[in-house]
Protein chains: 2
Amino acid sequence: MFDIVKSAHLAKQASLTVAQLSSHEKNALLLNIADAIVANGAMILAENNKDILAGKAKGLTDAMLDRLLLTEQRVQDIADAIREIARLEDPVGHIDNMVLRPNGMQVGKMRIPLGVIAMIYEARPNVTAEAAALCLKSGNAVILRGGSEAIHSNLAIAKCLHQVLAQADIDKNIITVIPDTRREVIEQLLRQRQSIDLVIPRGGEGLIRYVSENSQIPVIQHFKGVCHLFIDKYADTTKAINILLNGKTQRPSACNALETLLVHADIATSLMPKIAEALQVAQVKVHACQQSLPYFSHATLATEQDYQAEYLAAEIAIKIVDNFAQALAHIQCYSSDHTEIIVTQDTSRSQRFVRTINSSVVMVNASSRFSDGGELGLGSEIGISTSKLHAYGPMGLTALTTEKFVVIGDGQVRV
Amino acid sequence: MFDIVKSAHLAKQASLTVAQLSSHEKNALLLNIADAIVANGAMILAENNKDILAGKAKGLTDAMLDRLLLTEQRVQDIADAIREIARLEDPVGHIDNMVLRPNGMQVGKMRIPLGVIAMIYEARPNVTAEAAALCLKSGNAVILRGGSEAIHSNLAIAKCLHQVLAQADIDKNIITVIPDTRREVIEQLLRQRQSIDLVIPRGGEGLIRYVSENSQIPVIQHFKGVCHLFIDKYADTTKAINILLNGKTQRPSACNALETLLVHADIATSLMPKIAEALQVAQVKVHACQQSLPYFSHATLATEQDYQAEYLAAEIAIKIVDNFAQALAHIQCYSSDHTEIIVTQDTSRSQRFVRTINSSVVMVNASSRFSDGGELGLGSEIGISTSKLHAYGPMGLTALTTEKFVVIGDGQVRV
C-alpha cells in the first residue's frame, strides 16, 4: 500500500519550503504549470481516455462520464484557471494593522499558510490542477486524493505539476497526488494530524459525512445548499420574481440554487398568481403548502421532506408564512447554513433579517446565484464551508491561510 | 446518566436567543452575574470546602488543592474578571468593510457567534464563571464540563449564573454546567456535532490528546509551550539578558515561559559568561550543549529530551548555533508553535526571523511573557491555540466568533 504516513511527513517538510516562496516565484511556477498542461495536452487526453473507457465498462452514468471527460477545450480551461490564480493577490505576509501597546511594543497579525492541506474529491480531474494551484499560491503543501474513476487523468496532470517543480529545482513533495485509490488510504490519511493541518472533502454527502466522522484533522464541511428566498410584504414584486426565477432556473444543479420560497401572507393574494404564472412558464415543478396550493394548477402538497430537500432540479417548495417571525423560524429550522435571501424595500426588516439569520451568506434583494467565491470577489474558490470553523461560506485563498501574532519590541520585559 | 444529547440540543436552541442579545443586554447580565457571585460568596465557599475536603481525602497534591481552593479574595477576583469582560468591546455584528461589486451589490463580512461552545477543563473553579462570561459576551451558548474535583464549586457558581438568567427571564440553557463527572459523558459530548460548534479543552496534555483523538467536533488544541529565545550575533546584550531572565524567571510555571535559549556562535565568547552569571544568580538549572557546557559551573549536558522539554520550572536548555539558519532549523524542529523570540538590532535578520518562523506568536526584542491575550491587547483570554485552525495563538472574544457574508443588492440577478 501507498505509504501515507511517510508522504504526509514529506509534505510537512516541504510545506516549510513553499511557505517561504515569494509571490513572484509562486506566480512563475503557476504560469509554467499552465504551459506544461497545455504542452502535455495529448498525453493528458490519452490518459483521460483510459478513465473514460474504464468508466463506460463500469457503467458510470452519462452525467458522471461528462464530469470525468477532458477535451482539448477543457484542458485549455484548466490552464486558464491556473493563469487566473496566478493573477490573484497573494494573502501571505499581509498584516492588517499594527497596534501600539502602552509599553511601546507593536502588535499585529500576519497571514501565513496553514501548512499541509489534504483534498479528497471525486470524479472531476480539473480539481487536481486547480486545487494544487490554489494551495501553491497560498503557500501550502497539498495532498490530493481523487476518485478511482479519474486516476489516470489525475496522475497525468500530476506529471505536469512535478515536471515544473523539478525544472525549478523545488521539493516535489509540495504537491502529492496519491496513486492508491483504496478507501483504507483515506482512513489512514485522516489520522495524520501530526502532518496535515486541514482536510477539504469535495463530493457527495456520503463522502463528506464519512470524512467528518473519521477525521482527527479539522474538516471543511459542505453538506448541502437548501437556499431560502423570503418575499416580504414590503417587497418590490418585479425584483422578487426576477430573483426567484434567477435563483431557481439559471442553474438548478448548483448548490446556490433556490430550493424553498417563503411568501408573506399579506402579499400573497396579489403576488401568488404572478409567481404561479412565472414558474409555470419556466416549467418548475411546485410543492406548495396547504395555503398556497390553490394558486397552482399542477402543484403537489409540500411535505416535511420537501422543506428539507435540495432538489438540484427545476423543482421548488413554497410556503406562505403568516408573519416575519414565522419566516425566520422556518429558515432557522430548515437552513443548511448556505444562503438565505430576503426581498424587501423596508430597511428595518432587511436589517432584522441580516442580523437574525446566521447562514454563511445572507442577502438582501439579490439572487442566491451570487453566493459564489468569484461573484463575491474572492477570486477562485476552493470550496464552500457550511460549518462555522475555520471558514464559513465561499472559500478563496485567504481561507487557506491563518494568522500569527507578530510583536516588535525594543527590549520590553514584563513587570 | 446525564442526558447530553438533550442538553446539547437545548443549548443549540438557546444559542439563537443569546446570539440576538444586544451588547447592552449582555453587559447587564454580566454585571448582575458578578454581583450574584459576590452575594452568594458564603454559599460558594461552603460548597468549595466540600471539594477541598474530598480532595484532601483523595490525596490531591498541595498544588492541585491550591488551584481548587476558593477564598473570599478569589471570589472577589472572579467577580472582577467578569466585570472586566463586560467592559470589553463586543465583536458581534461588526463589519470590517463593505466592498462595492461591479454590478452594484455591496459585499461584506459580519462577525457572528459560533453557536454552542463546549469547554472541558480540570480543577480551577474560576474557569466555570469566566468561560461562561466570555461565551455570553460573544453571543454563544456554552456547555461547561469541569473536573470531578471541583464539582461542588462549579455547581455553586452555576446556581448564581442561572439565578441571574431566571431573573432576566432568559433561556437558562444558554449556560449548561454538566453535573455528571464520568468520562463517558465527555465521550458522548464529543459526538454532538449536530449541536456543538467548537470544543475547547483546558488542562494537561493527556486531556487535550484524548479530546483531539475522540472528537467529531472541531477542537482548539494547546499541547505545550516550548518557547525559544534566539540571541543573534547582532543582539544588544543588555536587552538579550533582560529578555532571557524575564522569560525564564518571572513566572516559570506559565506556558509562555522560556524553555530553550539559542545563542549565535559569533557572540558566544563575549556573551556566554554574562549569561552564565545571570542564570546562576537567578538559580536557574542549565542543560547546555557540548559547546556551551564549559561556560557553566554546574550545568549538565543537554539531551534530545531537554530540547523537547517544557520544564515549567527554573530550568533551561541552552545551545550555541553556528549561524542564523541553524537557529531557524532548531526552532522549526522543536517548536510547539507557541512563542519564539529573536533578539537582534539588525532589521534584515529580524524580518527574516518573523517571516520564516510560523509559530503562533513571533517576537522581536521582547519577552515571551507578553504572549498572553491581555498583554497583546485582546482583553480576557479563553485559551491559547497552538493549532492553526480556527484560531492561532492567544484567543480573545473574536476567536469565539466567525464571519458570515452579507450581500446588499437592489434586485441584481446573475447573467
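Just so it is clear, the structure is predicted and the values come from calculations on it, not from any experiment. Chain naming here is simple, since letters A, B, ... match the order of the sequence lines and numbering starts at 1 in each.
Contact of A/Glu403 with chain B is made through the backbone alone, with heavy-atom distances under 4.5 Å. Looking at A/Asn103, only its side chain comes within 4.5 Å of chain B, counting heavy atoms on both sides. The part of A/Asp372 that comes within reach of chain B is its side chain, from C-beta onward, which places non-hydrogen atoms under 4.5 angstrom from that chain. Neither the backbone nor the side chain of A/Val99 comes within contact range of chain B; no heavy atom of the residue lies under 4.5 Å from a heavy atom of that chain. For A/Thr356, the parts lying under 4.5 angstrom from a heavy atom of chain B are both the backbone and the side chain. Neither the backbone nor the side chain of A/Gln106 comes within contact range of chain B; no heavy atom of the residue lies under 4.5 Å from a heavy atom of that chain. Proximity to chain A is limited to the side chain of B/Arg101, based on heavy atoms less than 4.5 angstrom apart. Neither the backbone nor the side chain of A/Pro102 has a heavy atom closer than 4.5 Å to any heavy atom of chain B. Heavy-atom distances place no part of A/Leu244 under 4.5 Å from chain B, backbone and side chain included. Contact of A/Ile243 with chain B is made through backbone and side chain together, with heavy-atom distances under 4.5 Å. In this structure, chain B has a heavy atom under 4.5 Å from the backbone of A/Val415, while its side chain stays farther away.
Electrostatic pairing of A/Arg191 and B/Glu213 does not count as a salt bridge here, judged by no charged N lying under 4.0 Å from a carboxylate O. With salt bridges taken as basic N to acidic carboxylate O contacts below 4.0 Å, none links A/Arg111 and A/Asp96. Salt bridge status for A/Lys12 with A/Asp197: absent, with no side-chain N to carboxylate O gap under 4.0 Å. In summary, B/Arg414 and A/Glu375 engage in a salt bridge, as defined by a charged side-chain N under 4.0 Å from a carboxylate O.
For A/Thr249, the side chain to side chain donor-acceptor pair (under 3.5 Å) test picks out no residue, with sequence neighbours left out. Residues passing the ring-ring contact (aromatic ring centres under 6.0 Å, His included) test with B/Phe223, sequence neighbours excluded: none.
Interface remark: of the candidates A/Ala19, A/Ser360, A/Gly247, A/Ala366, A/Ser360 forms the most heavy-atom pairs closer than 4.5 Å to chain B. By number of non-hydrogen pairs under 4.5 angstrom with chain B, the leading residue of A/Val107, A/Asn242, A/Val219, A/Leu114 is A/Leu114.
You'll find the side chain of B/Ile357 stays beyond 4.5 Å of the side chain of B/Met363, heavy atoms only. Counting only heavy atoms from C-beta outward, the side chains of A/His94 and A/Ile112 never approach each other to under 4.5 Å.
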